[in-house]
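Values below: every heavy atom of this structure, side chains too, minus hydrogens, waters and symmetry copies. Per chain, numbering begins at 1; letters A, B, ... match sequence-line order. Since the model is a prediction, treat every value here as computed from it, not as a measurement.
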Number of protein chains: 2
Amino acid sequence: MNYAEFQKEIKITQKSICRDFFCQNHGSIRIKKEKTVLRNLEKIFGAALKISNQKGFQAMSMRDLSIETGLSTGAMYAYFSGKEDLLNMMQHHKRTMAMRIVEKYMKEETDPLIRLKTMLRVHLYISEAMQPWFYFSYMEAKNINKKQRNQAVESSRITENIIKEIILEGQKAGLFKDHDADMSASIIKAMLQEWYLKRKKYAKRQISVDRYADFLESIIMSFIRI
Amino acid sequence: MNYAEFQKEIKITQKSICRDFFCQNHGSIRIKKEKTVLRNLEKIFGAALKISNQKGFQAMSMRDLSIETGLSTGAMYAYFSGKEDLLNMMQHHKRTMAMRIVEKYMKEETDPLIRLKTMLRVHLYISEAMQPWFYFSYMEAKNINKKQRNQAVESSRITENIIKEIILEGQKAGLFKDHDADMSASIIKAMLQEWYLKRKKYAKRQISVDRYADFLESIIMSFIRI
DNA sequence: GTCTATACACAGATAGAC
DNA sequence: GTCTATCTGTGTATAGAC
């Protein structure tokens, strides 16, 4: 699998993300015409990600957002009940989107070695397709409410546990070295996060997500495999 | 070298950090009595790091800072000219402190293998001794002014280049595998950052900086050494 | 040196016209 | 559905007493 294939299969676009969001949240959105909602949600999410990822969500004013979207501040409140609500909505949505895709792909394999390799690629490719969302989610995690934060911590723990379980299976099967599985999983997750946190740096150096994935795979294999 | 030894040799304390700061900045601080300045700078920096690292620098109000330090808002403005100034001061100071220590240690060795190992430990140990500063510096990097940001990018580039140069030397000496040195350096830096970015997680799991250093060394050696 | 009181700019949010 | 106008709270920063 490479990124182009992944994209073709999943088709994560701004529009699909918004459609998905509308299906799950049409209760709390005052506007009812789907086409209008999609058009404006795309503007709002896009603008919020752009401004927040430049200077932080707290530093983004509703006026900033209004200018960037081309909507009035009044109009925006038809799509969310307040600034904090927008933040929580976005955090929640990123999580559910990402989790759903991971689960779909991870169910298909059983061999630990292939599972590990697949897992690496799926995570990298999702974070690439939704890079602004992942960056946002990471940098703004401090500001969300307790309930959401617990969910975020839980979700991150799950990701790490998936990696850990694969490593343990590999060790049991005699394929992997006897490293501390907890620590290995942590480090691997850090290397995955590096991709979306420093994406600009890699773009400047013209390193594609596929090349990054290949490199990661090679170094992880060299320290984890017997 | 372990962390206890490092600490004994360097003695990085909040007080030493503030004394150091005062020596370099007494021009821009209105108060002149050193003892008073040190006492209050320690309060201000401590409080600013605590609150910012909880909810972000932008979200921290001067009133918050005033309550946490026990100083009035008026009094604080005797130590910096505005909130933005405080941020830039802190960013600048973290950089110079860290850089100075790294340079001191890195000049002592020539063998690439030992240089790499030393470099790992020195970086981890500095970031441990100044963890709130490192976390702050990373998370608030977006908000600083252009001049400071360029310095920050430059400083980060230098760190990465030091690692890269060591790897290239090791390859030339026939000690290291022929991996892409740029990528390897990036990944190693990411693993170093992981320590201070997720320090709470490791504290909860009772993993010390020494154990983390040992683990990092072992996995880096296993993928980098021939 | 430090405090209290306050200026005044700007934030988020809403009401009501269109 | 969207806009304009505006309310009200909170933010940073300062002036002047002590």
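Across all strands shown, A/Lys35 has no heavy atoms under 4.0 Å from either base or sugar-phosphate atoms. Among the protein residues, B/Met60 comes within range of the sugar-phosphate backbone only, with heavy atoms under 4.0 Å from sugar or phosphate atoms but none that close to a base. Nucleic acid contact class of A/Ser72 (heavy atoms, under 4.0 Å, all strands): base. Nucleic acid contact class of B/Phe80 (heavy atoms, under 4.0 Å, all strands): none.
Atom pair A/Glu84:CD and D/dG9:C1' shows a separation of 16 Å (rounding to whole Å applied). Distance, B/Met76 CE to C/dT2 P: 12 Å, rounded to whole Å. Straight-line distance from the CG atom of B/Asp85 to the C1' atom of D/dT12: 14 Å, rounded to whole Å. To the nearest angstrom, P of D/dG11 lies 14 Å from CZ of B/Phe57. Rounded to an integer number of Å, the gap from CE of A/Met62 to C1' of D/dA5 is 17 Å. Put simply, CD on B/Gln58 is 13 Å from P on D/dG11, counting in whole angstrom units. Taking atom CG of residue B/Leu41 and atom P of nucleotide C/dT2, one finds them 11 Å apart after rounding to whole Å. Atoms CD1 (B/Ile67) and C1' (C/dT4) sit 15 Å apart, rounded to a whole Å.
Remark: A/Tyr77 is not in phosphate contact with D/dC3, judged by side-chain N or O atoms under 4.0 Å from OP1 or OP2. Of the side-chain N and O atoms in B/Arg63, none sit less than 4.0 angstrom from OP1 or OP2 of D/dT12.
Using a 4.5 Å heavy-atom threshold, the side chains of B/Gln54 and A/Lys142 count as separate.
The distance from the CD1 atom of A/Ile158 to the CE atom of A/Met99 is 5.5 Å, given to the nearest 0.5 Å. We find the NZ-OH distance between B/Lys43 and B/Tyr79 to be 8.5 Å, quoted to the nearest 0.5 Å.
Relative to the side chain of A/Ala75, the nucleotides C/dT2, C/dG1, D/dC3 differ in distance, and D/dC3 lies closest. When each of C/dA13, C/dG1, D/dG1 is scored by its nearest atom to the side-chain atoms of A/Lys83, the top-ranked nucleotide is C/dA13. Of the listed nucleotides (D/dG1, D/dG11, C/dC3), C/dC3 has the atom at the smallest distance from the side chain of B/Leu71. The side chain of A/Thr73 lies closest to C/dA13 when the candidates are C/dA13, D/dG1, D/dT12.
The pair A/Lys8-A/Glu5 fails the salt-bridge criterion, with no side-chain N (NZ, NE, NH1 or NH2) lying under 4.0 Å from an Asp/Glu carboxylate O.
Environment of NZ in B/Lys204: sparse, with no more than 12 heavy atoms of neighbouring residues, nucleotides or ligands closer than 6.0 Å.
No hydrogens or angles were tested; on distance alone, nothing pairs the side chain of A/Arg30 with the base of D/dG1 as donor and acceptor under 3.5 Å.
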